[in-house]
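All ligand and atom numbering here is 1-based and tracks the order in the structure. Because the structure is a prediction, the values reported are computed rather than measured.
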Amino acid sequence: MVKVLELAGVNKSFGKFQALKDVTFSIEEGEVFGFLGPNGAGKSTAIRTILGLLKRDSGKIELMGEDATSNVLESHKKIAYVPGDVFLWPNLTGGETIDLLLRLGGHERSKHTDELIKKFELDPKKKARTYSKGNRQKVALIAAFSADVDLYIFDEPTSGLDPLQERNFQEEVLKLKAAGKTVLLSSHILSEVEKMVDRVAIIRTGEIVKVGALTEMQELSAVNVRAVITDSEVVTGFAALDNFTQQNSKISFTVTHEQLPSVLAELAQAQVHDVQITPPTLEDMFMQFYLDNGVTANDQK
Ligand SMILES: Nc1ncnc2c1ncn2[C@@H]1O[C@H](COP(=O)(O)OP(=O)(O)OP(=O)(O)O)[C@@H](O)[C@H]1O
């Protein structure tokens with residue numbers, strides 16, 4: 001397997017504040033890799049360090065087996081990058097900007113570019129200064145999806161997009177995945193990326209707390225169960241479960257994947273009207289990792 005990107009022991013400080021602490025992970029060819037963490041965790045700093053826009057203090061960053069930052073111009077030809085906040089040249093139109101972004105990376109406008117402009121419903125004739133945040137984001141996304149590169153990096157890519165465009169974005173990422181391309185997707189919202197990613201790294205306060213397959217991580221964490229029952233006497237059987245709450249006939253609690261079958265059997269006896277089982281959120285997963293490490297959530301705040 002080809003390692004497209006490898007970070008090992010990367011540190012970065014802003015003055016006395018250490019924003020990245022020994023950050024280590026790698027992404028293999030063909031993977032869609034989620035880079036997850038709450039606001040301020042260090043995702044953008046890590047990405048900007050990978051791109052050589054910020055200088056790391058120490059550690060290794062390799063792109064396709066070579067130092068990613070010794071020749072930034074060459075590296076940038078291998079990467080398509082969409083930042084969270086896209087700034088464009090105000091006097092160029094969207095169409096001109098897409099052409100320029102493509103040429104800067106050594107790429108050409110193609111039929112696919114025009115298809116993407118249609119798909120994302122961008123008016124390419126308008127000047128960039130008139131675009132909303134979402135439209136500026138679309139311009140950068142269209143240029144990125146038009147480019148044929150080794151690594152696509154999207155930093156909080158859907159923060160300015162409406163649900164329809166968010167779905168278009170997901171479709172295009174899944175197309176890249178089907179074509180064997182490699183993608184790094186950062187987000188602070190697990191549900192935004194979970195349909196696309198294979199593996200994830202979770203970062204908090206500049207430290208990678210976990211790297212692994214998303215499905216494995218979700219299996220380690222508790223699932224949330226909400227149910228509406230008729231036989232409230234049976235409730236006593238559930239009251240001992242974690243995070244149990246009750247409001248009249250509505251109960252909710254969390255259980256592990258192993259507990260789930262027996263709990264569902266008990267719920268069936270309590271004549272369930274409605275049951276909702278939701279997979280763990282990013283925050284649930286954080287909590288689990290901290291509890292596993294004997295640290296309380298409050299210690300982390
Ligand atoms: N140029 C800078 N100078 C000083 N501190 C910075 C600088 N850039 C980032 N930071 C700090 O580094 C930490 C990580 O910020 P970063 O933007 O990487 O987080 P993030 O995970 O991308 O979060 P968000 O989703 O909010 O963008 C934050 O505490 C931020 O205030």
* Under 30°, 30 to 60°, or over 60°: which ring-plane class applies to Phe154 and Phe169, parallel, tilted or perpendicular? -> perpendicular
Output for pair (Arg136 CZ, Thr130 OG1), nearest 0.5 Å, gives 10.0 Å
Residue shell for ligand 1, any heavy atom closer than 4.0 Å, reads Phe14, Phe17, Ala19, Pro38, Asn39, Gly40, Ala41, Gly42, Lys43, Ser44, Thr45, Glu156
Paired with Thr254, the side-chain hydrogen bond (donor to acceptor under 3.5 Å, both in side chains) test is passed by just one of Asn243, Thr278, Asp242, Asn224, namely Asn243
Per side-chain hydrogen bond (donor to acceptor under 3.5 Å, both in side chains), Lys119 is matched among Glu172, Gln165, His112 by Glu172
| message | Counting neighbours of CD on Glu108 that are heavy atoms of other residues, nucleotides or ligands and sit closer than 6.0 Å, is the number greater than 12? | response | no
Exercise for the section: Give me the ring orientation class for Phe35 and Phe25: parallel if the planes are under 30° apart, tilted from 30 to 60°, perpendicular past 60°. Expected result: tilted
